[in-house]
Amino acid sequence: MKEIAVTLPDNSRKSLEEGATVLDLARAIGAGLARNAIAGTVNGEQVDLSAPLHDGDVVAIITEKSPESLEIIRHTTSHLMAQAVKSLFPDAKVTIGPAIESGFYYDFDVENPFSPDDLEKIEAKMRELAKAALPITREVLTKQEAIQLFKDMGESYKVELIEDLDADTVSLYRQGDFADLCRGPHLPATSFCKAFKLTSIAGAYWRGDEKRKMLQRIYGTAFADKKALDEYIARLEEAKRRDHRKIGRELDLFSFSDEVGAGLVIWHPKGAMLRTILEDFERREHLKRGYDIVLGPQILKKELWQRSGHYENYRENMYFTEVDEQSYGIKPMNCLSHMMIYKSQLRSYRDLPLRYFELGTVHRHERAGVLHGLLRVRGFTQDDAHILCMPEQLDAEIKGVLSFVSDVMGIFGFDYEMELSTRPEKSIGSDEDWERATKALQAALEDSGRPFEINEGDGAFYGPKIDIKLRDALDRKWQCATIQCDFTLPERFDLTYVAADGERKRPVMVHRVILGAIERFIGVLIEHFAGNFPLWLAPVQGLVLTVTDNQIPYAQKVFSELRQAGIRVQHDFRNEKLGFKIREAQLQKVPYMLVIGDKEVETETVTPRYRDGSNLPAMKVTELVDFIEKEVKRFK
RNA sequence: GCCACCUUAGCUCAGAUGGUAGAGCAAUUGAUUCGUAAUCAAUAGGUCGCCGGUUCGAUUCCGGCAGGUGGCUCCA
């Protein structure tokens with residue numbers, strides 16, 4: 001018998017008989033490894049345990065503990081689900097079923113949509129099939145054979161997929177009487193699916209195209225073992241507790257009203273205070289960095305929107321109002337007034353860069369189905385700025401914005417993800433402009449030292465952009481900061497500056513937001529802190545509590561002194577037991593409860609209790625003010 | 001906009017196979033003056049999202065609309 005040798009991850013070599021598989025290798029290394037093995041990596045490519053090895057291969061065994069195992073487990077579980085669906089609903093046509101970040105899904109074309117009861121039936125069937133321990137086998141067919149096979153099965157979506165594939169052969173996985181087109185790899189048998197749960201049903205367009213048929217998508221999740229699944233479910237429950245819509249109501253921050261309109265936020269006193277704190281913070285930070293604060297009107301003449309191209313490209317999302325036979329567009333963006341400010345006088349290269357900052361409230365008619373709490377609304381305020389600069393200043397300006405983003409996110413304790421979107425097929429502007437702008441964005445990203453992704457062809461038609469995304473409690477990504485280069489508007493509005501040589505030149509425009517929309521940012525902020533805002537952001541920093549009615553006169557004095565010192569305090573002098581008042585303050589997540597009983601009256605002090613339950617020593621009001629001011633300065 | 005589901009008191013939720021509804025918390029009133037997560041009692045509170053249809057009768061069945069939830073699509 002011939003022997004082959006393979007290399008393991010630790011660079012050791014192992015000799016095997018010719019024809020040995022990944023599983024044979026695992027066995028040769030150890031029985032325990034063979035038991036835990038679920039797949040392998042050969043020369044950098046993931047393969048099944050049953051894949052044969054060749055002389056010189058570099059091989060690694062994937063076990064349940066390997067980071068890459070989750071995707072394989074989920075992918076196989078999605079096949080298991082498809083098998084269950086086919087067995088319960090033989091008329092269902094299968095389409096695609098990948099693993100995703102939080103689990104997996106599979107799309108089916110069925111006559112009648114699935115009901116929640118169906119979900120339970122399908123899950124039960126999956127358990128039955130898993131228990132049956134059906135081996136999962138791989139075979140390779142020619143494209144023609146595969147098309148014929150799926151045609152015979154009546155799986156027209158699969159036929160379409162295979163026809164579009166750019167390959168001579170395709171691989172097919174079988175388990176029991178179920179077969180699916182798939183690249184793999186997969187678990188060796190259905191019994192390896194040990195911990196899964198179907199989570200929801202949704203509609204989804206075939207191939208993501210809203211003009212094509214809507215399929216039924218079933219979402220589920222799967223893990224290596226029950227413990228990990230339970231942890232995931234616990235995380236979901238925690239996310240529900242942190243939901244900004246729930247906390248927003250409980251802390252009385254904001255509301256929506258169908259009498260007012262969908263997607264229009266009503267800020268209550270505490271929410272409006274939180275907003276104001278953020279806005280003040282923003283104004284200070286922008287002034288520090290050389291921005292000028294500007295302010296434009298809410299409505300601008302329709303003709304101006306026609307000139308900018310918004311009327312042509314964005315009209316569907318705009319609100320209009322007509323007065324005295326003149327149509328006005330309610331602004332969906334803030335750029336136009338900023339352009340008008342630039343144009344209000346002749347600009348010299350010595351004036352540039354100009355950075356106009358506006359906390360600009362905009363209205364966009366987002367489609368009804370997309371609204372989501374504070375995270376997707378129809379009226380919102382952006383921390384918007386437009387930088388007008390010479391092309392050669394672009395690099396420095398973009399770096400400046402990125403470091404601004406980094407500073408601000410650091411203060412809030414947010415981690416974020418960055419994406420660079422490049423020139424789409426439909427776009428305007430010269431190759432040279434695009435290249436310069438894209439390079440500037442990329443250089444700034446590289447300079448930041450953080451990882452980033454590139455979305456080829458995903459830029460705006462008027463220029464490339466950097467998107468910065470934060471995650472909500474459910475790990476959904478929301479775009480907050482964005483930096484976009486724009487070649488159109490300076491052109492359309494004929495913006496110029498006088499260069500050193502006396503020539504008129506065209507400035508470059510950068511649109512950018514740091515927090516994005518204040519509404520969305522607050523939504524993410526609420527979930528991030530679960531409503532426990534740090535002292536500098538807390539709309540109510542302290543609550544003065546009396547033990548009995550006897551302390552009210554002194555407590556009143558303390559309360560006014562704190563107010564005068566600029567501390568955001570409220571009081572609770574109700575005739576309730578202290579325990580009850582503490583409980584309420586705790587539920588309101590007030591950082592400091594300032595307890596006043598006979599002791600404090602006598603010594604002219606207050607005893608602060610932090611919301612984590614710890615007590616500070618009794619202190620004078622002036623000491624408390626100093627303490628709070630210090631904490632606020634540390635953004636704590 | 002599309003698919004599915006949901007809408008009952010301020011909030012969280014029960015409920016009747018069609019005969020106009022209940023709990024807890026909150027609110028109000030009274031008693032209690034009690035030092036670190038719920039004092040006790042009483043009272044009040046709902047055209048059962050809105051508009052149509054079927055029916056002797058609709059909160060319940062059907063249709064439309066509005067709002068919401070989870071997705072899809074979109075996101076200049």
Side-chain angles (χ1 to χ4, degrees), chain A residues 100 105 107 110 112-116 118-119 199-219 240 243 245-246 249-250 252 255-264 305 308-318 331-335 362 364-373 375-376 458-463 465 467 474 476 478-479 482 484 486 488-489 511 516-517 520 545-552 573-588 593-600 607-611 613-615:
Chain A
I100 53 174
Y105 68 79
D107 287 347
V110 282
N112 299 306
F114 295 118
S115 71
D118 294 336
L119 224 56
T199 49
S200 65
I201 312 162
Y205 298 105
W206 168 234
R207 296 198 146 179
D209 182 345
E210 77 179 306
K211 291 191 185 65
R212 302 182 78 164
K213 182 150 188 184
M214 178 154 278
L215 308 170
Q216 287 291 305
R217 173 172 298 180
I218 302 179
Y219 282 94
K240 259 190 210 159
D243 190 316
R245 292 163 300 189
K246 180 168 142 54
R249 190 174 51 243
E250 288 167 354
D252 196 21
S255 65
F256 292 93
S257 153
D258 46 351
E259 289 177 280
V260 171
L264 301 170
W305 297 110
S308 69
H310 287 93
Y311 192 80
E312 191 190 333
N313 295 297
Y314 201 63
R315 188 179 3 157
E316 301 299 307
N317 285 294
M318 284 179 68
K331 66 172 174 179
M333 292 157 206
N334 304 299
C335 1
V362 298
R364 300 180 184 176
H365 187 86
E366 302 289 354
R367 294 160 89 175
V370 306
L371 300 175
H372 179 97
L375 301 182
R376 191 80 185 264
D458 212 26
F461 78 88
Y462 53 72
K465 59 176 184 171
D467 288 331
L474 279 175
R476 289 178 293 211
W478 293 93
Q479 182 188 313
T482 173
Q484 312 185 345
D486 189 343
T488 341
L489 283 182
H511 307 251
R520 176 176 288 182
L545 301 176
T546 45
V547 177
T548 72
D549 289 355
N550 299 331
Q551 296 93 33
I552 292 179
F573 297 163
R574 287 177 305 171
N575 174 16
E576 297 286 353
K577 294 172 85 165
L578 183 62
F580 179 80
K581 297 198 223 183
I582 297 245
R583 177 185 152 79
E584 287 206 342
Q586 197 71 45
L587 291 174
Q588 286 295 309
M593 291 153 235
L594 308 169
V595 178
I596 295 178
D598 286 338
K599 260 189 323 207
E600 286 78 12
T607 304
R609 173 195 195 271
Y610 191 59
R611 63 186 159 201
S614 63
N615 264 330

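We use all heavy atoms of the structure for the numbers below, so side chains are in, but hydrogens, waters and symmetry mates are not. Each chain gets a letter, A, B and so on, in the order the sequences are listed, and its residues count up from 1.
A heavy-atom distance below 4.5 Å is found between the side chains of A:Leu594 and A:Pro608. Between A:Ile596 and A:Leu545, the closest side-chain pair of non-hydrogen atoms is not below 4.5 Å.
Across all strands shown, A:Met214 has heavy atoms under 4.0 Å from base atoms, whether or not it also approaches the sugar-phosphate. Residue contacts shown for A:Gly369 include a base, since a base heavy atom lies under 4.0 Å away. At a threshold of 4.0 angstrom between heavy atoms, the contacts of A:Ala262 are confined to the sugar-phosphate backbone, with no base atom among them. Counting non-hydrogen atoms under 4.0 angstrom, A:Gly597 reaches a base of the nucleic acid. Using a 4.0 Å heavy-atom criterion, one finds that A:Lys599 contacts the bases of the nucleic acid, with or without backbone contacts as well. Within 4.0 Å (heavy atoms only), A:Asp598 reaches at least one base atom of the nucleic acid. Nucleic acid contact class of A:Tyr205 (heavy atoms, under 4.0 Å, all strands): base. Among the heavy atoms of the strands, none lies under 4.0 Å from A:Lys240. No contact: A:Asp486 has no heavy atom under 4.0 Å from any strand. No contact: A:Glu312 has no heavy atom under 4.0 Å from any strand. Counting any heavy atom pair closer than 4.0 Å across all strands shown, A:Arg207 reaches no nucleic acid atom. Among the atoms of the strands shown, only primed sugar atoms or phosphate atoms (P, OP1, OP2) are found under 4.0 Å from some heavy atom of A:Arg217.
Minimum atom distance to the side chain of A:Ser200 is reached by B:rG70, of the listed B:rG1, B:rG68, B:rG70. Closest approach to the A:Val595 side chain among B:rU73, B:rG35, B:rA37 is made by B:rG35 (side chain taken as heavy atoms from C-beta onward). Distances were taken from every side-chain heavy atom of A:Val370 (C-beta onward) to each of B:rG1, B:rG70, B:rU36; the shortest belongs to B:rG1. Ranking B:rA37, B:rC74, B:rG1 by closeness to the A:Arg376 side chain, first place goes to B:rC74. Nearest nucleotide to the side chain of A:Ala202, out of B:rG71, B:rA37, B:rU69: B:rG71. For A:His372, counting side-chain heavy atoms from C-beta on, the closest listed nucleotide (B:rG35, B:rG70, B:rG68) is B:rG70. For A:Val547, the side-chain atoms get nearest to B:rG35 when compared with the rest of B:rG35, B:rA66, B:rA37. Set against B:rC34, B:rU36, B:rA37, the side chain of A:Thr548 has B:rC34 as its closest nucleotide. Taking only side-chain atoms of A:Arg583, from C-beta outward, the nucleotide of B:rG71, B:rA37, B:rG67 with the closest atom is B:rA37. Of the candidate nucleotides B:rU33, B:rU36, B:rC72, B:rU36 has the atom nearest to the side chain of A:Thr607.
Side-chain N or O atoms of A:Lys581 include one that pairs as donor or acceptor with a backbone N or O of A:Arg574 at under 3.5 Å. A:Thr546 places no side-chain N or O within donor-acceptor distance of the main-chain N or O of A:Asp549, the cut-off being under 3.5 Å. At least one donor-acceptor pair closer than 3.5 Å links the side chain of A:Gln588 to the backbone N or O of A:Glu250.
Interface remark: the A:Glu600 side chain does form a donor-acceptor pair with the B:rG35 base, using a distance-only criterion of under 3.5 Å. A donor and an acceptor atom sit less than 3.5 Å apart, one in the side chain of A:Asp549 and one in the base of B:rU33.
When the P atom of B:rC40 is taken as reference, atom CZ of A:Arg574 falls 15 Å away, rounded to whole Å. Summarising the geometry, the separation between NZ on A:Lys213 and C1' on B:rC3 is reported as 12 Å, rounded to the nearest angstrom. When the C1' atom of B:rG67 is taken as reference, atom CZ of A:Arg367 falls 19 Å away, rounded to whole Å. Protein atom CD of A:Glu576 is 11 Å distant from nucleotide atom C1' of B:rU33, rounded to whole Å. Between the P atom of B:rC74 and the CD atom of A:Glu316 lies a distance of 16 Å, rounded to the nearest Å. Rounded to whole Å, the distance from CD1 on A:Ile582 to C1' on B:rC34 is 13 Å. The CD atom of A:Glu584 sits 14 Å away from the C1' atom of B:rU39 (whole-angstrom rounding). Across the protein-nucleic acid pair, A:Lys211 atom NZ and B:rC72 atom P stand 18 Å apart, rounded to whole Å.
Checked by atom type, the side-chain pair A:Arg609/A:Gln586 shows a donor-acceptor distance below 3.5 Å. Side-chain contact, A:Asp107 with A:Gln216: no donor N or O sits under 3.5 Å from an acceptor N or O.
With C1' as the reference atom, B:rA44 and B:rA9 are 11 Å apart, rounded to whole Å. One C1' atom belongs to B:rA41, the other to B:rC51, and the distance between them is 44 Å to the nearest Å. Distance check on atom C1': B:rG64 versus B:rA23 gives 34 Å, rounded to whole Å. Nucleotides B:rG46 and B:rC62 place their C1' atoms 25 Å apart, quoted to the nearest Å. B:rG68 and B:rG30 have their C1' atoms separated by 40 Å, given to the nearest Å. Nucleotides B:rU8 and B:rG49 have their C1' atoms positioned 10 Å apart, rounded to a whole Å. If you take atom C1' in B:rU33 and the same atom in B:rC50, they sit 50 Å apart, rounded to whole Å. With both ends at atom P, the span from B:rG18 to B:rC56 equals 16 Å, rounded to whole Å.
Residues A:Arg609 and A:Ala460 both approach RNA chain B. Their nearest nucleotides, taken by heavy-atom distance, put A:Arg609 toward the 5′ side. Taking for each of A:Gly373 and A:Gly208 the nucleotide of RNA chain B with the nearest heavy atom, the 5'-most of the two is the partner of A:Gly373.
For the pair A:Arg212 and A:Tyr205, the cation-pi test (distance below 6.0 Å, angle within 45°) is failed. For A:Arg315 and A:Tyr311, the positive end sits near the middle of the six-membered ring, less than 6.0 Å away and at most 45° from its axis.
A:Asp486 contributes atom CG, which lies 7.5 Å from atom SG of A:Cys335 (distance to the nearest 0.5 angstrom). Rounding to the nearest 0.5 Å gives a distance of 11.5 Å between CG of A:Asn313 and CE of A:Met318.
Considering only side-chain N and O atoms, A:Arg611 lies nowhere under 4.0 angstrom from the phosphate OP1 or OP2 of B:rU36.
Of the charged side-chain nitrogens involved, at least one lies within less than 4.0 Å of a carboxylate oxygen, so that A:Asp243 and A:Arg245 count as a salt-bridged pair. By the 4.0 Å N-to-carboxylate-O rule, A:Glu584 lies too far from A:Lys577 to be salt-bridged with it.
Judged as a ring pair (Phe, Tyr, Trp, His ring centres under 6.0 Å), and not counting sequence neighbours, the contacts of A:Tyr462 are A:His511.
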What string of B, S and - do you get for nucleotides 4-14 of chain B 5' to 3' if you count protein non-hydrogen atoms under 4.0 Å?
-> S------SS--
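Pairing analysis of RNA chain B (Watson-Crick: purine N1 to pyrimidine N3 plus N6-O4 or O6-N4; G-U wobble: N1-O2 and O6-N3; both under 3.5 Å) yields stems of 3 or more pairs at B:1-7 with B:66-72, B:10-13 with B:22-25, B:27-31 with B:39-43, B:49-53 with B:61-65.
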